[in-house]
Structure formats: C-alpha cells, structure tokens
Amino acid sequence: MTASAPKIPNFSMVLETENLETADFEGIIRSLASLEHQDISPKQANEVWLIESGDLPPDLLKRLLNRFPWIKTYPAPSEITYYEAKMLGAKLATGEIIVYFDSDCIYQTNWLKNILTPFSDSDIQIVAGETKTRGDDPYGTAMTLIYIFPPFSSQTQLSKTSQYFLNNVAFRRELLLNYPILTEIELYRGNCVIHAHSLRSSGYSIWKQPQAKATHAPPENFSHFFWRFLLIGYDYYWQKQVLSKAQFKQDIDNTVFGTSGKLQAFSERVKAIQSSPRHLFNLPLAVPIVITALMLILIGYIITLINPNYLLRLYTNITK
C-alpha cells in the first residue's frame, strides 16, 4: 500500500511592489511566471495578494493582471516600507498559511509544494526555503561569495535553522499576527533577522526546507550595488545594537553576527566556490568585486557608527 500524499493546508501568498524600487520591472513578470506551472498552482491559494504601492508603471500593472488573473491587488501608500507591506499582506490574508515571495526571485517548479508540505505537522509554525544568488559569470561568482544569500546546501531533509529570508518563507498566519515582524526599527532590510531571534527566544523553531529553492537576482546596476552594500553595513550596525539587548545575548555568538558565525558562513561559501569549476575560473575577476563590496560594507558600518540614522534617510530621500 502506498502512503497517501501529505495534506496541504489552505494558504495565501503575498508579494509587494516596494521591492521594485531597486529591481528590474520585468523581474516581477519572471517571478510570477515561475509560479504558473508549480506542482501546486497558486490558483489553489485563498488569494495571492500584490501589495501595490505605486512602484509599478500602470501599463505594466495592467499587463501583469491580464497575464496572471489569479492576483488580487491592494493599493498601499507610496511611503509604505518593505516590511510594512509584508505585514499588511498578513492582515489581509485568509489562509491558514502565509507564503511570502519576492519580485526578484525565480522559484523552482516544486517550490510551493515543498514549502507547504511540512505544515501537515501541526507543531511546525515556520518553514524557510533556500535562496541563492543567480549568476555564473565573474559578477555572479563575486555575489556568491559576498552577497546576502548563501549557496544551496547539499541537505535534503527538514532541519532546524536560525534564520529565514522573507522572499522564501511560510508562516502559520496566527503565529505571525501574534508575533509580527517589527517595522519601527531603524533598519533597511534586516528586520527578519531580529524577528527570527525573537521567535526563537519565544520558544519557536524555524524549520529549513532545503528542497524549497529559489534564485535571487544580484544587484542590477552600479547604483544598486553601491547602495545595497553600503546599507548592508548600515544594517549590521543596527542589528548588532538590537541583538545586544538582554533577551538576545544568550545566542548572539552563534549567529552570523558573532565572529565564529561569520567565519563559518564565509568558509561554507568558499567551499561552494571550490566545488564549481565555473566559479573557480571566474575567481580572478571576481576578487576585485568582492573587495569593493567589502569596502562599501565597512564604509557603511563606519558612517552609521558615527551618524546612526544618516545613510537610510539619505537613501530614502534619493529614491522616493
């Protein structure tokens, strides 16, 4: 007798357009297209919310809605932040599970099924997939070494992890509404790191599903590269400030913010490079890009150390 397939809970999906301030507009089409032929169709969702804050040109929005009629749009204020938009989607959603995805990611065809299946266990509250940076040219090799997202692991089984990326994660809606992502803190993109620590401190496990895979675009142009790595330095400063509070001190040294955590994360990326002939071939041209990115992170950190709110406010004034 064959085992029955795990029951898939009812679910909602959430995407926002705030992320498009630095992304390729066509990226959102590619992202949604990668969901069209999933093993579990997004049409089976209670709803697929697009939190639209005016970042999409009207003609592109119309084209998008014509091609993907299963999307529901919700108009949001133009000043809404990335995390505010994500939490607004959680409040609008009616599904038991909320699945988050982003416009700059492309998802493997079994991604949705793999990220939902673990919720057949009623004890599981959060499931994080794996996201890596796209690109097999020298720039892609550099981003594999230095950008936010690590290479895919060789794992195949569900296991506990310390963090998640909001472009590839699912929550039980009740948990997320009871323990929301903080939106008031002075961060650009690091709120989910704080949220992960808060959840773990409250006794919840974050489960990694390595078979729920997505690829993320690297910074699209020089301006995006420049600001993104400066703001990584900015976020490092503020994340350390928040995580140094008493409730987080017990496990900070085991994260990427502790020295051992940083070294371990970097050594894992170097191993991934070593196992890829293409990346090894690209390495001489990738190293200068990595050094430039590291310098920008350091500069961003030092500027924020001197003037804690300056960089984000400057960036917001430039881009809004």
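Predicted model only: the values in this text are computed from it and were never measured.
- Remark: K213 is not positioned above the aromatic ring of Y107, lacking an NZ or CZ atom under 6.0 angstrom from the ring centre and at most 45 degrees off the axis.
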With side-chain hydrogen bond (donor to acceptor under 3.5 Å, both in side chains) as the test, would you mind laying out the steps for D55 and S53 before giving the verdict?
CA-CA 6 Å; D55 299 278; S53 49; 2.5 Å; yes
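- Using a 4.5 Å cut-off on side-chain heavy atoms (C-beta onward), W207 and D121 make no contact.
- A single hydrophobic cluster is seen to contain both I291 and L145, as judged by linkage of ILVMFWY side chains at heavy-atom distances under 4.5 Å, directly or through other members.
- With 3.5 Å as the limit, one finds no donor-acceptor pair spanning the side chains of Q125 and S205.
- Judged purely by atom type and a 3.5 angstrom limit, R278 uses its side chain to pair as donor or acceptor with the backbone of D136.
- No more than 12 heavy atoms of other residues, nucleotides or ligands shown are found within 6.0 angstrom of OH on Y74.
- Inter-residue side-chain proximity for H216 and N167 is flagged as met; some heavy-atom pair is nearer than 4.5 Å.
- Between D102 and K86 there is a salt bridge, since a side-chain N of the basic residue sits under 4.0 Å from a carboxylate O of the acidic one.
- Between Y301 and Y237, the angle of the ring planes goes over 60°, which puts this pair in the perpendicular group of the 30/60° scheme.
- In terms of modelled atom types and a separation under 3.5 Å, the side chain of T292 and the main chain of P288 share a donor-acceptor contact.
- Residues T141 and T144 form no side-chain contact, since every pair of their non-hydrogen atoms from C-beta on lies 4.5 Å or further apart.
- Within the 4.5 Å cutoff, the side chain of L92 has no heavy atoms near those of the V14 side chain.
- For the pair Q155 (side chain) and Q157 (backbone), a donor-acceptor distance under 3.5 Å is absent.
- Taking the side chain as every heavy atom from C-beta outward, L64 and L50 approach each other to under 4.5 Å.
- The stretch residues 32-42 participates, sequence neighbours left out, in these side chain to side chain donor-acceptor pair (under 3.5 Å) pairs: E36-R67.
- Between T73 and L61, the closest side-chain pair of non-hydrogen atoms falls below 4.5 Å.
- Ring pair Y315/Y188 is perpendicular by interplanar angle, where above 60° counts as perpendicular and below 30° as parallel.
- When all heavy atoms are compared, the tightest approach of E16 to A85 is CB-CB, 3.7 Å.
- Residues satisfying the salt bridge (charged side-chain N to carboxylate O under 4.0 Å, His left out) test with R228, not counting sequence neighbours, are none.
- Counting only distance, with no hydrogens or angles, the side chain of Q211 and the backbone of T156 share a donor-acceptor pair below 3.5 Å.
- A donor-acceptor pair under 3.5 Å is absent between the side-chain atoms of S198 and the main chain of I194, judged by distance alone.
- Between H195 and Y179, the closest heavy-atom pair is NE2-O, 2.7 Å.
- Put simply, the side chain of N191 gets close to the backbone of L182: a donor and an acceptor are under 3.5 Å apart.
- Contact annotation: the side chain of I185 never approaches that of W238 to less than 4.5 Å [non-hydrogen atoms, C-beta and beyond].
- Using modelled atom types, no side-chain atom of Q108 and backbone atom of N110 make a donor-acceptor pair closer than 3.5 Å.
- Taking 4.5 Å as the limit, some side-chain heavy atom of Y204 sits within range of a side-chain heavy atom of L175.
- A donor atom on one side chain and an acceptor atom on the other are found under 3.5 Å apart for T94 and E47.
- Using modelled atom types, one side-chain atom of R173 and one backbone atom of A90 make a donor-acceptor pair closer than 3.5 Å.
- No donor-acceptor pair under 3.5 Å is formed between the side chain of H224 and the backbone N or O of P218.
- Put simply, the side chain of N10 gets close to the backbone of E96: a donor and an acceptor are under 3.5 Å apart.
- Between F171 and Y100, the ring planes are perpendicular. Angles over 60° get that label, and only those under 30° would be called parallel.
- At most 12 heavy atoms of other shown residues, nucleotides or ligands fall within 6.0 angstrom of atom CZ in F281.
- The cationic group of R172 does not satisfy the cation-pi geometry with F119, failing either the under 6.0 Å distance to the six-membered ring centre or the 45° limit from the ring axis.
- Two rings, from Y234 and Y236, have their centers 6.0 Å or more apart.
- Inspection of the S12 and N46 side chains reveals no N or O donor paired with an N or O acceptor under 3.5 Å.
- Across all their heavy atoms, P138 and A286 have their closest contact at O-CB, 3.4 Å.
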